[in-house]
Enquirer: 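The structure follows.
Labels below follow one simple rule: chain letters A, B, ... track the order of the sequence lines, proteins then strands, and each chain is numbered from 1. Treat the numbers as computed from the prediction; the structure is a model and nothing was measured. Atoms considered below: every heavy atom in the structure, side chains included; atoms not considered: hydrogens, waters and symmetry mates.
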Protein chains: 2
Amino acid sequence: MKKITINDVARHAGVSKKTISRVLNQEPNVSSETRKKVEKSFTELGYRPNPQARALASSQSYLIGLLYPSQSNSYVSNIQKGALERCRAEGFHLVIYPEDHENESLISQFESNLNSSNLDGIILTPPFADMRKLLDLLKEREIPVVRVGAISALDSIPSVISNDAEASYEMCRYLISIGHHKIAFIKGHLDHGATEQRLSGYTKALKEAGIPILDQFIQQGNFSFESGEDCARRLLSLKVPPSAIFASNDYMAAGIVKVAKQKGISIPHDLTVTGFDNAPASRYIWPSLTTIKQPITEMAIEATRMLIRIIRKKPLEKLSTTIRNELIVRESSAPAKT
Amino acid sequence: MKKITINDVARHAGVSKKTISRVLNQEPNVSSETRKKVEKSFTELGYRPNPQARALASSQSYLIGLLYPSQSNSYVSNIQKGALERCRAEGFHLVIYPEDHENESLISQFESNLNSSNLDGIILTPPFADMRKLLDLLKEREIPVVRVGAISALDSIPSVISNDAEASYEMCRYLISIGHHKIAFIKGHLDHGATEQRLSGYTKALKEAGIPILDQFIQQGNFSFESGEDCARRLLSLKVPPSAIFASNDYMAAGIVKVAKQKGISIPHDLTVTGFDNAPASRYIWPSLTTIKQPITEMAIEATRMLIRIIRKKPLEKLSTTIRNELIVRESSAPAKT
DNA sequence: GTGAAAGCGCTAACAT
DNA sequence: ATGTTAGCGCTTTCAC
C-alpha cells in the first residue's frame, strides 16, 4: 500500500497543495465548503500527514525533552506524569533524558543528544535546573527552557518552584506545637538546592521558638534510604537523643524507621519521624509517614504549559510560578512524651 | 548566527553535497584524504546535520516509543532505564507513552500518537504486549515491535520474557522447604498475563508437595498496596489462617505487612510474607521482603537491542529471549513454627 | 572515488 | 478564498 501524500489529496480534492495545508493547520481563509471537501478526501484516502516533512518545513519537531537525575524515584515518575499530561493535550511528545549529574562529560553528552534530536524545548529538573553550564549551552542554542525546582533566580529563564523552605518551616512548627523540642534534621544531597532550602525552614522555626540549634542534631544525608539508616544510628546513639527526627525526604525517613524498629524503639510512641515528598513508600511503610506533599506533578504540568507557550511564541503571564507544598499528618508523628 | 547546512560545508570543503553525505553516514567510496578534508570543514564551521532533514530524506526518525501502564511504579522506571541504555548507545531517543489499559479509546488515541510522531519502532510492556488490537494496528502500520513480558506466543512478533511461573514455583518450594504448608497466595490484576503465570507456579509447587489447594487461601488482588491490605484482612481472620502469604507483587506484600503489624502479628516470627518484583519498597519496609527479583532492566535492554536490529533490518538471532528471575531471601520469611 | 539532479512531503511567501 | 513557486536540508539515483 502506497503512502498517501499531500499531492494525492490535492489531486483527489481538486484543489492545490496549499489549501490542503491550510485545512491541515486550521488556518483561516478556507471556505467551509472546500474545507469539507478536503476533509472528505482525507478520510477517503486515509491520509496521514508525514510528521518529518512538517518538521523540516516548519522547523518544529513537536518533541519536548525532559532532563532529570538518573537515580530513579517517585519524583521522576511524578514529573513525567505531569509533563506528559500537557504534552499529550497539546500534541507534543516527551523524550526522556535521565543523566547522572556528577558525570564529567554530561554537557558534551547532552549536546550530542541535542544534535541528533532537534527538541522544540527542554524541561530541567533539579539539580540540572541550576547548572550554569547547561543553561548557557541551551541559551546559545536558543532552545526554549523551563526550570523546575530551581533555586538560583535567573530572571532570564522561566521557572516553576515550590515553597520548600516554608513547608519545612511548617513541619517544624507542627512538631514544636505537639511538644517536641529535641528535633533533629537530616539534610539531603548537597548538590540539590532543595537541601539548603529545607534546612533553612528548620533553623528558622527552631530559632523562632527559642530552641537552640545543635550541631549533632543536624546530620548530612544524601536522599538515599541507606543514608537515612546511617544518620539514624548516629542520632539514636547520642547521650541525649532527639524525640523527633525530620528527614528531608521520605526515603531517608524510611531508613530511620527501620533502624528505630531494629533498636526496639516504638514509632511514634518513643520517636516521631517525619519525611518530605510524599513518596509512595511513605504510605507503604508502617507506621505511614507524616510528610510534606510536594506538588511535583502540578509543577511539571505548569512547566510544560509554559514551555509550550514559549515554543509557540506566546507571551508568558509571569516568569516564575510557585506551587505550594502541603503538610500531611499520618501515623509516624505523635506528641512528645512529657 | 546563521545555520550551517550541508551546502555550506560542501562549498567550504570544495566537494559535492553527496560527498559530505557520504562522510556523514560513514559510507565507503571516499578517499581518506577527502574524508579528512571534509571532517576538518565540519569542525571549522561547527556543522551539525539537521535531524529533521535526514529523517525526511531517509524516512528514519531515530525515535523509539515505549508503551507502558500509566500507573507508575518501579517496573516502569526499570523498563525505562533498560530501554534508555540501549537507545543511548545506538543513537536513538526514547519517547514515552504511559497509557491506561482500561481506557476504551486507547487504540485510537495511540494511533493519533503514531500519526504525529513517526516512531521507528515500539516496545510494548504488559499488559499491552498481549493486546491483540494493538498488535494488529502496529502490524498494519508496519512498525517494528518488540514485546516485553508477553504471555501469548505469537511467532510473528519478537519478545523478551522472564520465567515467572518457574520463579513462583521456586518461591513456594522455598516456603515449603522451611516448613510451611499453610501457604496463601494473592493474585495480581487479571489483565496482566503474569498473574496467571505466577499462580501456576504456586499450584504446581503445592500439588507436587501433596499440599491441598484451598480456595480461601487464594485471594484476588490487583497489584496495589490497598488490595494487599484487603486480602490480608480476609486471610488473617480465617479460622485457620496461613502461616505464610505469598503476594504476587511487593506492593501487595507491603500491604500485608502493614495489616499484620496493626494486628500485632510479628513478621516473620508469626507470619511469613513474601512478594514478587524486588521493588524499592521491598527494601524500605521493615522487615525487608523476601521476593523475586525480576530482571526488568535487563529485559528492556534486550528488547531494545532486538528492536534496533529490526529497525536496521538485521536478522534476529532468535524470536524470543528468556531472562531468568532470581529468589532473594530477606527478613520477612522464617521457618514455620512447629 | 565523486558529482549532478531529482526528490522526500510539507510549509512560507507572495501572488491572484 | 485559493493557487504558484520556492524552498526546508538532507539522501538517493545514476551518471561519470
Enquirer: Nearest 0.5 angstrom please: A/Asn78 CG to A/Ile296 CD1, how far?
Expert: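 Here the rounded value is 5.0 Å.
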Enquirer: Mind checking whether B/Tyr47 and B/Phe42 have parallel, tilted or perpendicular rings, split at 30° and 60°?
Expert: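 Plane angle between 30° and 60°, so tilted.
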Enquirer: Report yes if at least one side-chain N or O of A/Ser31 is closer than 4.0 Å to OP1 or OP2 of D/dA1; otherwise report no.
Expert: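 No, no such contact exists.
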Enquirer: At 4.0 Å (heavy atoms only), tell me whether A/Thr34 reaches a base, stays on the sugar-phosphate, or touches nothing.
Expert: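 The residue A/Thr34 makes sugar-phosphate contact but no base contact.
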Enquirer: Name the orientation class of the two ring planes belonging to A/His192 and A/His101 (parallel below 30°, tilted from 30 to 60°, perpendicular beyond 60°).
Expert: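 If you compare the ring of A/His192 with that of A/His101, the planes turn out perpendicular.
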Enquirer: Considering residues at least two apart in sequence or located in another chain, which fulfil the side-chain hydrogen bond (donor to acceptor under 3.5 Å, both in side chains) criterion with A/Arg86?
Expert: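 side-chain hydrogen bond (donor to acceptor under 3.5 Å, both in side chains) list for A/Arg86, sorted by chain: A/Glu90.
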Enquirer: For nucleotides 6-16 of chain C, read 5' to 3', which letter fits each nucleotide if B means a protein heavy atom sits under 4.0 Å from the base, S means only the sugar-phosphate is that close, and - means neither?
Expert: -BBBBBBB---
Enquirer: Which nucleotide sits closest to the side chain of B/Thr19: D/dA1, C/dG3, D/dG3?
Expert: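 Nearest nucleotide to the side chain: C/dG3.
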Enquirer: Round to the nearest Å and state the distance from B/Asn29 atom CG to D/dT11 atom P.
Expert: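 Spelled out: CG on B/Asn29 to P on D/dT11 is 16 Å.
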Enquirer: Could you check whether the rings of A/Tyr97 and A/Phe110 sit parallel, tilted or perpendicular, using 30° and 60° as the cut-offs?
Expert: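 Ring orientation, 0 to 90° scale: perpendicular.
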Enquirer: Kindly compute the distance separating CG (A/Asn118) from CD (B/Gln52), expressed to the nearest 0.5 Å.
Expert: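 The CD atom of B/Gln52 is 4.5 Å from CG of A/Asn118, to the nearest 0.5 Å.
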